[in-house]
Q: 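Provided herewith is a single structure, encoded as C-alpha cells, for subsequent inquiry.
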Amino acid sequence: MAGPPLGTDLSAPRRAASSFARPGWPLTALLVFFPLWWVLGLSALMPFLLAVPMVTHLLRRQSVLVPPGFGLWVLFLLWVVASTVMLGYDPPGTLPAPVTGRLVSVAFNLAGYLSATVVLLYAVNLTEEEFPRRRLVRQLGAFFVTVVAGGLLGLLAPRFEFTSPVEMLLPERVARDVFVQSLVHPAASQVQDVLGFTTPRPSAPFGFTNMWGYAIALLVGWFVVGYLRGSVARKLAGTAILAASAFPIVYSLNRGLWLGLAIAAVIAVVRMAARGNVAAVGGLVVGVLAAGALVLGTPLTGLVQERLDNGHSNDIRTFTTARTIDAVSHSPVIGLGSTRAAMGSANSIAVGQESDCPRCGNPTLGSNGQLWAILIAHGVGGALLFVGFFLKSLWVYRRDRTPIGDAGLLAIVLSLYFMFVYNALPMPLIIVFLSIALLWRNKQAQEEADSRLEGSSADGSARSLPPGARLRPGPVR
C-alpha cells in the first residue's frame, strides 16, 4: 500500500509528554488500553464514558468542523429518535412486549450512535500538532494486535473466563442476563455447536465472535500502513503478527470474515495496480499465496472445509431476514423504533424460549446485520440515510492515493459489506468513523499544502515557507 505522503507533520519528532497529558488522550485510552477495559468489564461502556471528555473538549473550541456528508448522519440520528413513536406496536409474527422492556435496547443503540458521532467530531477537530495522524494510525494498528492477541487467547485457552469487577457490582439478576453477560463478562471465546459438535470460536476482547471478525477486518489495513513500513525488523515482526492472525481467523469459523478479507485483498490489488505499483502488487500476491499455503499445509484446511459443509446458520439468517422484511412492511418508512423477537424459529413456529433453554427460538429480528437492524428499527428512511453517509464519504475521498487513503477507503467499503451480515455497535462503527476522520484530515492537509505551494509559486517566496509545509513522498515512520 505504498503511496505519496500522509501529510506535513508525519516525520515530526515525537513529544515527550505523557499520553494522558495532551489532547487526544481519550482516543489513546480507548484504543491502546482496551485490554484493560475488557478485564474490568468496561469494554462495551468505555466508548460512552470517554465521549464525555471528548464533548468537553469540543465545547471549548471556538468552532467545530464537520466532515462532508455529516448532515446525512445528523438526519439519521433524528430519524432514530423519531422512530421511537412506534415502540408500542407489535406487527404480526413478532412477540408482544411492553414498551419499557424495549427501552434498554433503544438506549444502548442510541448511546452507541451518539458516542461514535462524538468520536468522529473529536478526531476530526484535533490538529496535527495536538494529535498527529501518524499517532492515530499507529494506535489503530496496535488495536489490531490486541484483537489478534485476543483471538490467540481464544485458541490456547478457549474456556478461559472470569467474573469482572463490574460484574461483581451488579445485582445477581441483572448480571445473569444474557445480553449483560456479553457486555461485562470477559471470556476468551464463544463455545458453539457450528460443525455438529461443540467448538470454541475466538471472541476476546469482545463479547461476540462476529464482532471480533468485523474488527480485525477493519483494522488490518491500518496495521499494514502503520507497522509494515520502516525497518526490516519492524516488517518482519509485522509479517509474523499477520501470519499468527491466520489461525484465529480460520478457527473463528467466520465465513463473513473470510469473504471480507478476500474483498480487502482484491481492493488492495486494484488500487495498487491502478497506481502502477507492481512491486506492492507482487508482494501482496506472494503474501496471499503464503497464507493459502499456510492453510493448505496445516489442519486448518479440514476446518475450513467442515465449516463450508456445515451451513445450518444459513437457515437461521434466512428466517430472520425474511421475518425482518415482513415486519418492516407494516411500518416501512419510519420502522418500529427497535428490534423485535420473532415468533417460533427457523424450524417451527412452535419453538420458543423456555427457562431451561433461553436461546431456543424467538430470534431477535435485526440481529444478523446492521442494515437489517436499522431497517426494522428505523425503516427504509433510516437505512437510506445511514448508507448514504458512508457512500458520500466513499465518493469524497475516492481520489486519496496515500496510505491513509488505502486503509481508510478499505474500512468504508468493508463496512458497507459487513452491514449485511454483522452488527456494528459500538466498536466497529467507531473504527470506521476514525477511518473517516483520518481521511478528512488527510484531505485537508493535502489541500492546505497545495494552496501554500501555489501561493509561494505565485510570489516566488517558496523558500520562506514554514518548515514542513511542503509534502514529500515517503512512508510512515
Side-chain angles (χ1 to χ4, degrees), residues 18-59 104-105 107-126 131 135-136 138-151 153 161-170 174-175 177 179-188 203-212 214-216 218-219 222 370 411 422-438:
S18 170
S19 295
F20 287 96
R22 55 193 176 191
W25 71 262
L27 294 179
T28 301
L30 178 62
L31 298 173
V32 178
F33 291 88
F34 199 83
L36 174 62
W37 312 137
W38 180 70
V39 169
L40 296 176
L42 286 170
S43 59
L45 300 177
M46 285 311 294
F48 311 150
L49 298 177
L50 290 172
V52 176
M54 294 184 193
V55 169
T56 302
H57 173 89
L58 290 171
L59 291 176
V104 173
S105 173
F108 182 84
N109 289 337
L110 183 57
Y113 291 132
L114 290 176
S115 62
T117 304
V118 171
V119 170
L120 172 63
L121 294 178
Y122 181 73
V124 159
N125 283 273
L126 288 170
F131 202 82
R135 187 182 305 158
L136 183 51
R138 289 283 177 82
Q139 290 185 358
L140 287 168
F143 195 27
F144 174 84
V145 178
T146 295
V147 178
V148 171
L153 175 64
E161 60 179 302
F162 59 92
T163 303
S164 71
V166 169
E167 189 178 359
M168 294 178 185
L169 297 175
L170 295 175
V174 176
D177 181 81
F179 177 69
V180 174
Q181 282 275 300
S182 70
L183 299 179
V184 303
H185 185 75
S203 60
F206 305 102
F208 301 100
T209 298
N210 286 348
M211 185 170 291
W212 180 89
Y214 198 164
I216 205 169
L218 293 176
L219 293 167
W222 294 117
Q370 191 63 38
Y422 298 148
N423 292 77
L425 294 176
M427 282 308 298
L429 183 61
I430 287 175
I431 294 170
V432 179
F433 273 19
L434 287 174
S435 302
I436 292 174
L438 279 167

Q: Is any side-chain heavy atom of Val32 less than 4.5 Å from a side-chain heavy atom of Leu27?
A: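 Sidechains of Leu27 and Val32: no contact.
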Q: Find the distance between CG (Leu121) and CZ (Phe433) and round it off to the nearest 0.5 Å.
A: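 Those atoms lie 9.0 Å apart.
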Q: Can you list the residues that meet the ring-ring contact (aromatic ring centres under 6.0 Å, His included) rule with His57, with sequence neighbours excluded?
A: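 If we apply the ring-ring contact (aromatic ring centres under 6.0 Å, His included) test to His57, skipping adjacent residues, the hits are Tyr122.
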Q: Considering residues at least two apart in sequence or located in another chain, which fulfil the side-chain hydrogen bond (donor to acceptor under 3.5 Å, both in side chains) criterion with Trp212?
A: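 side-chain hydrogen bond (donor to acceptor under 3.5 Å, both in side chains) list for Trp212, sorted by chain: empty.
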Q: So how far is it from Leu30 CG to Leu434 CG, rounded to the nearest 0.5 Å?
A: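 Answer for the CG-CG pair, Leu30 versus Leu434, is 7.5 Å.
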Q: Taking only residues two or more places apart in sequence, or in another chain, which ones meet Val124 in a side-chain contact (heavy atoms from CB on, under 4.5 Å)?
A: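 Listed in chain order: Leu65, Pro67, Leu120, Ala437, Trp440.
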Q: Going by the rule ring-ring contact (aromatic ring centres under 6.0 Å, His included), which residues pair with Phe34 if we only count those two or more places apart in sequence or in a different chain?
A: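 Phe34 satisfies ring-ring contact (aromatic ring centres under 6.0 Å, His included) with Phe143, Phe206 once adjacent residues are dropped.
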Q: Tell me the closest heavy-atom pair linking Ala204 and Ala187, and the distance in Å.
A: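 Scanning both residues, the minimum pair turns out to be CB-O, 3.7 Å.
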Q: Indicate yes or no: at least one non-hydrogen side-chain atom of Phe131 is less than 4.5 angstrom from one of Pro23.
A: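 A side-chain contact under 4.5 Å is absent here.
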Q: Can you list every side chain to side chain donor-acceptor pair (under 3.5 Å) pair that touches residues 40-52, not counting sequence neighbours?
A: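 Every pair satisfying side chain to side chain donor-acceptor pair (under 3.5 Å) with a residue in residues 40-52: there are none.
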Q: What are the two closest heavy atoms between Thr28 and Gln139, and how far apart are they?
A: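 Heavy atoms of Thr28 and Gln139 come nearest at OG1-NE2, 2.8 Å.
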Q: Would you check if Leu50 and Val118 make a side-chain contact, meaning some heavy-atom pair closer than 4.5 Å?
A: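 When only atoms from C-beta onward are counted, Val118 and Leu50 do not touch, as no gap falls below 4.5 Å.
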Q: Kindly compute the distance separating CG (Leu136) from CG (Leu31), expressed to the nearest 0.5 Å.
A: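 One gets 7.0 Å once the value is rounded to the nearest 0.5 Å.
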Q: Could you give the side-chain donor-acceptor pairs of residues 425-432 under 3.5 Å, partners two or more places apart or in another chain?
A:
none

Q: If we only count heavy atoms from C-beta on, is the Pro205 to Pro35 side-chain gap below 4.5 Å?
A: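 No, every pair of side-chain atoms sits at 4.5 Å or beyond.
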Q: When rounded to the nearest 0.5 angstrom, what is the spacing between OG in Ser203 and CD in Glu161?
A: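 Ser203 OG to Glu161 CD: 10.0 Å, rounded to 0.5 Å.
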Q: Would you please name every residue forming a side-chain hydrogen bond (donor to acceptor under 3.5 Å, both in side chains) with Thr209, sequence neighbours left out?
A: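 side-chain hydrogen bond (donor to acceptor under 3.5 Å, both in side chains) list for Thr209, sorted by chain: Gln190.
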Q: Among all residues two or more places apart in sequence or in another chain, which pass the side-chain contact (heavy atoms from CB on, under 4.5 Å) test with Val184?
A: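 Partners of Val184 under the side-chain contact (heavy atoms from CB on, under 4.5 Å) test: Ser164, Val166, Glu167, Leu170, Val180.
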Q: Can you tell me if Trp38 and Thr146 form a side-chain donor-acceptor pair at under 3.5 Å?
A: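 Checked: Trp38/Thr146 side chains show no N/O donor-acceptor pair below 3.5 Å.
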Q: Looking only at non-hydrogen atoms, find the nearest pair between Phe162 and Val39 and report the distance.
A: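 Of all heavy-atom pairs spanning Phe162 and Val39, the closest is CE1-O, 3.4 Å.
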Q: List the residues meeting side-chain contact (heavy atoms from CB on, under 4.5 Å) with Asn423, not counting sequence neighbours, and say none if there are none.
A: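 Once residues adjacent in sequence are excluded, the partners of Asn423 under the side-chain contact (heavy atoms from CB on, under 4.5 Å) criterion are Gln370, Ala373.
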Q: So which heavy atom on Ala175 is nearest to which on Gln181, and how close?
A: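 That closest heavy-atom pairing would be O-NE2, 2.7 Å.
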Q: Just jot down the side-chain contact (heavy atoms from CB on, under 4.5 Å) partners of Ala149, sequence neighbours excluded, or say none.
A: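 Once residues adjacent in sequence are excluded, Ala149 has no partner under the side-chain contact (heavy atoms from CB on, under 4.5 Å) criterion.
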Q: Could you tell me which non-hydrogen atom of Phe208 sits nearest to which non-hydrogen atom of Ser182, and how far apart they are?
A: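 Shortest heavy-atom separation between Phe208 and Ser182 comes out as CZ-CB, 3.4 Å.
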Q: Please identify each residue that fulfils side-chain hydrogen bond (donor to acceptor under 3.5 Å, both in side chains) with Thr117, with sequence neighbours left out.
A: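 Only Trp73 meet the side-chain hydrogen bond (donor to acceptor under 3.5 Å, both in side chains) criterion with Thr117.
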Q: Is the distance between the ring centroids of Phe108 and Tyr113 under 6.0 Å?
A: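 Centroid separation for Tyr113 and Phe108: 6.0 Å or greater.
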